[in-house]
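Everything below concerns the one structure shown next.
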Amino acid sequence: MTLNWIAPAERIQKLPPYVFARLDELKAKAREQGLDLIDLGMGNPDGATPQPVVEAAIKALQNPANHGYPPFEGTASFRRAITNWYRRRYEVDLDPDSEALPLLGSKEGLTHLALAYINPGDLVLVPSPAYPAHFRGPVIAGGKVHSLILTPENDWLIDLAAIPDAVAEQAKMLYFNYPSNPTAATAPREFFTEIVAFARKYEILLVHDLCYAELAFDGYQPTSLLEIKGAKDIGVEFHTMSKTYNMAGWRVGFVVGNRHVIQGLRTLKTNLDYGIFAALQTAAETALQLPDVYLKEVQERYRNRRDFLIQGLGKLGWNVDKTKATMYLWVKCPVGRGSTDFALDVLQKTGVVVTPGNAFGVAGEGYVRISLIAECDRLGEALHRFEQAGIHYC
Ligand SMILES: *Cc1c(COP(=O)(O)O)cnc(C)c1O
């Protein structure tokens, strides 16, 4: 007997279609045929976790005290490492007991925060394009998503002045993310000041995703929401160990900021999970304490790849501005080509995987995202195949 006549809940049915499905199918087929795929589609860092972090994990694994259920709210020492890191990096003081909460990766927290705060029908402001969890979380919670359309003319920044008063008054929550996945845009400090004033005025819970806090280049230092005066009254900020520290598989992130919001999320999570394996929290602590020379190395690696790929794409007719942060290039499809159509064409002709921009919302249409997750020799191979297949900007 099959149960396919029992329909899944509306919250699942309402999710926008999964754009990656057709791409995954073609990827699987290409692999079966033994094609040498160059996968620049995911935001999955290709490097190894730093050796001191791996060693800290091995040592912590040997300690039976770490083998039981971890504390719901995360270990005290990881929370302290988080607030110490904040003080060192941003000169912001936070209380490790009430203003910091470890997460099973930031995606988990970003999504669950919507469940903790959004009632069916509540309005949530989310940029388009955006990281999918920023709109999928609110949809799962039954909220109504109002898209804030981003454009290249406005440097992919949210145009706060364009949000109608009636919408702002109704909105309960706003997600945003600079440096941005997928556009790689960064926001000047004044923008943060403006968005904090906006959220305070309309009493909106401000959710900033700073997962590229340290993947920045040429001396640029991304702004933390909590550096802005008054931000902690209305906001929280999410961080991840996945990107900077090559720990995507470990599933460790954290949220900091307003204590009431953090308490709300903690209450939901005590009903859903038991937190992060304590041994991994010890390792994550080590990562946050790594000397800056490690960061410099990571930043150099991505900066080299960025320069290499921008130059190569330039020879194929693409004029891509130098990015100041993230591990992505946000690249225009040739004129008149749709994102999905172009990404599938590139995959079929070259075996190079790029992500269609519409996976990040309607306003991502007309673009593809290329991740800098391969060494320059592989990126060079990808460019060579583009040239051979006649793929260029026109
Ligand atoms: C990669 C990424 C995350 C990280 O998610 P984890 O669950 O912590 O691995 C969160 N937000 C954005 C915008 C990302 O690009």
Side-chain angles (χ1 to χ4, degrees), residues 20 39-47 49 53 74 78 82 85 100-115 126-138 140 148 150 156-158 174-187 206-216 222-225 236-257 265 269 272-273 275-277 280-281 283-284 287-288 298 302 323-330 354-355 357 359-361 363-364 367-373:
F20 296 94
D39 194 344
L40 309 177
M42 296 272 288
N44 193 1
D46 56 312
T49 302
V53 178
F78 183 35
I82 291 167
W85 178 80
L101 181 66
L103 301 166
L104 293 156
S106 58
K107 182 181 183 183
E108 176 261 302
L110 286 160
T111 307
H112 282 146
L113 186 63
L115 268 187
V126 187
S128 175
Y131 179 64
H134 299 169
F135 53 85
R136 288 174 179 266
I140 290 169
L148 307 173
L150 309 181
W156 305 102
L157 278 181
I158 299 170
L174 190 166
Y175 282 85
F176 75 119
N177 157 234
Y178 293 105
S180 155
N181 173 12
T183 67
T186 56
L206 201 50
V207 182
H208 187 230
D209 182 348
L210 186 49
C211 72
Y212 298 99
E214 304 194 288
L215 283 192
T223 304
S224 159
L225 174 67
V236 289
E237 185 161 79
F238 284 82
H239 287 263
T240 180
M241 309 302 294
S242 299
K243 308 290 162 57
T244 317
Y245 305 102
N246 289 322
M247 292 173 71
W250 298 56
R251 310 311 303 133
V252 187
F254 55 91
V255 58
V256 288
L265 180 56
K269 277 171 58 63
L272 292 173
D273 66 60
I276 309 159
F277 184 15
L280 303 190
Q281 295 190 58
L288 289 180
V298 175
Y302 285 107
T323 52
K324 282 197 275 191
T326 77
M327 46 199 275
Y328 309 109
L329 297 184
W330 183 239
V354 299
T355 305
F360 307 99
Y367 286 80
V368 292
R369 188 193 70 180
I370 307 181
S371 301
L372 303 170
I373 51 171

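The figures here come from the full heavy-atom set of this structure, side chains too, leaving out hydrogens, waters and symmetry mates. As the structure lists them, so they are numbered: ligands from 1, and atoms in each ligand from 1.
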query: Atoms of ligand 1 less than 4.0 Å from G105 heavy atoms?
result: 7 (O), 8 (O)
- prompt: What residue and heavy atom of the protein are closest to atom 12 (C) of ligand 1, and at what distance?
  reply: C211 SG, 3.2 Å
query: For ligand 1, which part of F238 has a heavy atom less than 4.0 Å away: the side chain, the backbone, both, or neither?
result: neither
- line: Quick look: S106 vs ligand 1, heavy-atom contacts under 4.0 Å, and the answer is both
Pair S180-W156, side-chain donor/acceptor within less than 3.5 Å: no
field: Ring geometry between W330 and F360 (parallel below 30°, tilted from 30 to 60°, perpendicular above 60°)
entry: perpendicular
- request: Using modelled atom types only, decide if a donor and an acceptor are shared between the side chain of S371 and the backbone of M42 within a distance under 3.5 Å.
  value: yes
- prompt: Can you tell me if Y175 uses its side chain to pair, donor with acceptor, with the backbone of P138 under 3.5 Å?
  reply: no
task: Could you tell me which atoms of ligand 1, counted from 1 in the order shown, lie closer than 4.0 angstrom to a heavy atom of R251?
output: 6 (P), 7 (O), 9 (O)
- request: Compute the shortest N/O to N/O distance between N181 and ligand 1 and return yes if it is under 3.5 Å, no if not.
  value: yes
field: Numbering as shown, the atoms of ligand 1 that approach Y131 to under 4.0 Å (heavy-atom distance)
entry: 2 (C), 3 (C), 5 (O), 10 (C), 11 (N), 12 (C), 13 (C), 14 (C), 15 (O)
message: Classify the ring geometry of H208 against F176: parallel below 30°, tilted from 30° to 60°, perpendicular beyond 60°.
response: tilted
- prompt: Is there a donor-acceptor pair closer than 3.5 Å between any side-chain N or O of T355 and the backbone N or O of G41?
  reply: yes
query: Going by atom types only, do N177 and H134 share a side-chain donor-acceptor pair under 3.5 Å?
result: no
field: Option set D209, T111, L110, criterion heavy-atom distance to atom 13 (C) of ligand 1, minimum
entry: D209
field: E237 side chain vs L225 backbone, donor-acceptor pair below 3.5 Å
entry: yes
field: Nearest-contact summary for atom 1 (C) of ligand 1 - protein heavy atom, Å
entry: K243 NZ, 1.3 Å
message: For a quick check under 3.5 Å, do Y302 and Y212 share a side-chain donor-acceptor pair by atom type?
response: no
Numbered atoms of ligand 1 (with element) below 4.0 Å of K107, judged on heavy atoms: 5 (O), 6 (P), 7 (O)
Atoms in ligand 1 flagged as close to Y212, the criterion being non-hydrogen separation under 4.0 Å: 1 (C), 14 (C), 15 (O)
field: Reference residue T323; test side chain to side chain contact (heavy atoms under 4.5 Å, CB included); the match among T186, L215, L329
entry: L329
query: Looking at ligand 1, does any of its N/O atoms fall within less than 3.5 Å of an N/O of H134?
result: no
Atom indices of ligand 1 within 4.0 angstrom of S242 heavy atoms, with elements: 6 (P), 8 (O), 9 (O)
message: Just to be sure I'm reading this right: ignoring hydrogens, which of L103, N44, T240 gets closest to atom 8 (O) of ligand 1? Compare them by their nearest heavy atoms.
response: T240
- request: Give the contacting part of M241 toward ligand 1: side chain, backbone, both or neither, where contact means a heavy-atom distance below 4.0 Å.
  value: neither
